[in-house]
Structure formats: structure tokens, C-alpha cells
Amino acid sequence: MRLIVIAAIVITIISFLFDKKKTLKGIKKGVMMFLKILPVLMSVMILVSIVLYFVSENTLVKYLGSDAGMGAYVFAAVIGAVSIIPSFISYPLAGVLVKTGVSYSVISVFINALKMVGVLTIPIEAKFLGYKISILRNIFAFIGALIVGGLMALIYSMT
Amino acid sequence: MKKTKKYKFDYAVIIAFAVFVICSYATGYAPGIKIAKDNFWGFLKEMVFILPVMFILVGLFDVWVPKEKVQKYIGRASGVKGVFLVMLLGFLQAGPLYAAYPVAYILWKKGTPATNIFIYLSSVTILQVPVIAFEVGFLGFKFFILRILLSFPVFIILGFILGNFFDKKGYKFKKV
């Protein structure tokens, strides 16, 4: 994350040295785009923060554990789909879940769904892709996460 | 006037949340403080750092890189090389998927076919170089390799299917 910020600063400075006017125009364009999606972004973040409060670690273990059977996969996909958890939280969390008995294949469903499916960020996505494609993409990704999970389970059961 | 109407729901949520947080702090309502401090603040930190940076890069890309260049490297005629380039772009991406939407938009604007754009979005999910250490550290190398090897074909195929659908129907990205 820090690397991207540093890279951006360096790029901006280089761009500025080459062409002041162009650089300012580019920055203005970027900032305008950001400001336009900011209200949607804020409201999504707020809703996600509230949802996240109700999804505790214990709940996750209960529904994702080995006792949950096949349901664990679907639940992992749903949880991943509706939550937005930054990588620096999701991987440690996944590590804890594995230690408490959640299988690796269920974790892969959770990680992939978390990354690729964002039900709550659909309003942001739709600002760029439109609702139809956004919803379609999320459904596809949801199914994809489950397929990968199934394949993972197959491989883990063989080894 | 039209603009404020468009964001009516968002503003309502933001104002309601602000009131909720202020009241929570004033009365010491623990769940409210937890939602604000642990969850919302965490997101805000990530958003405030990563997103404006992404948008500024997108803006600079827009003014500096001519459409012809983009089309040459990842456009319709770029073939397999173009696919590899958008994948690389996805792998190097940091931050959540929604940080990739502005990039997808600008690539579209510059003439990248939808298949390459959806492959780019899939690539962000498959592997993010900046967080490899996290995944290997907490879940192990075996999990990391397996997840990537299996996710790769599945999500790339999904990207192809969606992109083709998009191209055939003649969809357009929205101007933000």
C-alpha cells in the first residue's frame, strides 16, 4: 500500500517536471472522479461497518467449521460476498479460522468471494459498469469461488 | 439540483450515521463506538490513502497515454500479449477490488475490449503481489499455490465469458 503511494508521488513529480499544465489537468480529472463517487463510497462504508459488527469471529467459526458440512461452503461464499475486509485483516482472520478447525477449501471460498464478490459495493461498481453487468459479474464470481472451493476440497482429500 | 437528488440516499445514510456516532460517544453506547472506531475508521483509513492516489494515477494516465498506445498493447488486436499485460496490471494492483473500477473505466475509455477488462478485474482477485506475504504467512505456501493455480483458470474463463457478453451486447462503461 505504501509502495503505491510512493510510486504515485514519484510519478506525479516526474509528470509535473515534464508538463505542468497536463499534470494539473490529470490530477483535476482524478480528483473530480473521486469526489463524484465519494458520497456512494461513504454510505457503503457505513453500511459495511454496521454489518461487520454483527458478524463476530465466533459466528464465523460456528458456521464455517467442519460440523457445518457442505453448508460451510455456501456460508463462506455468502460471508465473503457481503463483507469487505481489507487484506491485512482478512488473512490473519483466515489464519485464526484454520486453527479453530475450518478447512482450507472453505477458507479458499471465503478468500475468493471476499476479493471478487462485493454485494455491498455494487452501488460503487454500478457507477462504472452499470447495474446489470455489476450484478452479473458478482453472480459469476460467487459461482467461481464455489467451484474453486470444490476443486480445493478434491485436492485436499486426495493428499 | 439534479446532482444532490442522485446522492439523496447516500447523504441520508451519512448524516444518520454521523448523528448515531455522536450520540454513541455522548452516551457511551459501546456497540456504536465499536462500529465507528474499529470498523468505519479502518475503512476510512484505507480509502483515504489508496483511493485518491488511484484516481490521481488514473487521471494522469488519461492525459498522458494516447488511445492509440493503449489499443496497440491491450486493444482488440493485441491478442495473447494483451491478455498477459492486463493480468500483470491486475497482479500488481494493491487495495480492494473497488479500487480497480476506476482503472477498468479508464482502460475502457481508451479502447480496451471488455474481455481484457474483465480479465484484469479477475487478475486482481487471483493474485495481488503486495499481499503475498500475508497469504503465505497466515495460511501457508501450499494453500497459496493451490488457490492461485485453481483460481486462475476458473476466474480467467469467467472474465472471458463476461467480457464476450459485454462486447456482443455493445455495453458501455459509465462516464463517472
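Labels below follow one simple rule: chain letters A, B, ... track the order of the sequence lines, proteins then strands, and each chain is numbered from 1.
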Which answer fits B:Pro31, side chain, backbone, both or neither, if we ask what part of it has an atom under 4.5 Å from a heavy atom of chain A?
both
With a 4.5 Å cut-off on side-chain heavy atoms, are A:Met42 and B:Phe40 touching?
yes
Nearest heavy-atom neighbours spanning B:Ser151 and A:Asn112
OG-ND2, 3.1 Å
I need the residue from B:Val53, B:Ile35, B:Val58 with the largest number of non-hydrogen atom pairs under 4.5 Å to chain A.
B:Ile35
For the atom pair NZ (B:Lys37) and OG (A:Ser49), what is the distance rounded to the nearest 0.5 Å?
14.5 Å
Counting heavy-atom pairs under 4.5 Å with chain B, the top scorer among A:Val98, A:Thr23, A:Val31 is A:Thr23
State, with a plain yes or no, whether a side-chain heavy atom of A:Met152 is found less than 4.5 Å away from one of B:Leu146.
yes
Are B:Leu149 and A:Val109 in one and the same hydrophobic cluster, where Ile, Leu, Val, Met, Phe, Trp and Tyr link if side-chain heavy atoms are under 4.5 Å apart?
yes
Side chain, backbone, both or neither: which part of A:Lys99 has a heavy atom under 4.5 Å from chain B?
neither
Heaviest contributor of heavy-atom pairs below 4.5 Å to chain B, chosen from A:Thr12, A:Leu47, A:Ile124, is A:Thr12
Nearest 0.5 angstrom please: B:Ile132 CD1 to A:Tyr91 OH, how far?
9.5 Å
Heavy-atom check, side chain of A:Arg137 versus side chain of B:Leu121, under 4.5 Å
yes
Over 12 non-hydrogen atoms of neighbours within 6.0 angstrom of NZ in A:Lys25:
no
Could you tell me whether B:Lys72 atom NZ has more than 12 heavy atoms of other residues or ligands within 6.0 Å of it?
no
For B:Phe20, which atoms come within 4.5 Å of any heavy atom of chain A: side chain, backbone, both, or neither?
neither
For B:Phe84, is the CZ atom crowded, meaning more than 12 foreign heavy atoms sit under 6.0 Å from it?
no
Answer yes if A:Val106 and A:Val96 sit in the same cluster of Ile, Leu, Val, Met, Phe, Trp and Tyr residues linked by side chain heavy atoms under 4.5 Å apart, and no otherwise.
no
May I have the step-by-step check of side chain to side chain contact (heavy atoms under 4.5 Å, CB included) for B:Phe55 and A:Lys36, ending in yes or no?
CA-CA 11 Å; B:Phe55 275 106; A:Lys36 271 188 189 159; over 6 Å; no
Using the rule that two of Ile, Leu, Val, Met, Phe, Trp, Tyr join whenever any of their side-chain heavy atoms come within less than 4.5 Å, decide whether A:Val148 and B:Phe141 are in one cluster.
yes
CE/A:Met116 to CG/B:Leu97 distance, rounded to the nearest 0.5 angstrom?
7.0 Å
Interface check, chain B: of A:Ile107, A:Leu93, A:Val44, A:Leu114, most non-hydrogen pairs under 4.5 Å belong to A:Ile107
What closest approach, in Å, do A:Ile46 and B:Ile14 show between heavy atoms, and which atom pair accounts for it?
CD1-CA, 3.7 Å
Are A:Phe110 and A:Leu154 in one and the same hydrophobic cluster, where Ile, Leu, Val, Met, Phe, Trp and Tyr link if side-chain heavy atoms are under 4.5 Å apart?
no
Rounded to the nearest 0.5 Å, what separates atom CG in A:Asp19 from atom CG in B:Leu60?
11.0 Å
Can you tell me which of A:Leu151, A:Ile111, A:Ile133 forms the most heavy-atom pairs within a distance under 4.5 Å of chain B?
A:Ile133
What part of B:Tyr101 gets within 4.5 angstrom of chain A, counting heavy atoms only: side chain, backbone, both, or neither?
both
In this structure, CD1 of A:Ile143 is separated from CG of B:Leu158 (nearest 0.5 Å) by 8.0 Å
Relative to chain A, which segment of B:Ile117 carries a heavy atom at a distance below 4.5 Å: side chain, backbone, both, or neither?
neither
Please classify the contact between B:Phe165 and chain A as side chain, backbone, both or neither, with a heavy-atom cut-off of under 4.5 Å.
side chain
Taking every non-hydrogen pair under 4.5 Å, which of A:Gly144, A:Gly149, A:Gly95 racks up the most with chain B?
A:Gly144
Hydrophobic clusters here meaning ILVMFWY residues chained together by side-chain heavy-atom distances under 4.5 Å, can you tell me if B:Ile15 and A:Leu38 are in one?
no
Mind telling me whether A:Phe128 and B:Tyr105 have parallel, tilted or perpendicular rings, with 30° and 60° as the class edges?
tilted
Option in B:Pro153, B:Pro102, B:Gly140 with maximal non-hydrogen atom pairs under 4.5 Å from chain A
B:Pro102
If you look at every heavy atom in A:Tyr104 and B:Leu139, which pair is closest and at what distance?
CE2-O, 3.4 Å
For the CH2 atom of B:Trp108 and the CG atom of A:Leu129, what is their distance to the nearest 0.5 Å?
10.0 Å
Testing the basics here: between B:Gly59 and A:Lys29, what is the closest heavy-atom pair and its distance to 0.1 Å?
CA-CB, 4.3 Å
Heavy-atom pair of closest approach, residues B:Phe155 and A:Ala141:
CE2-O, 3.9 Å
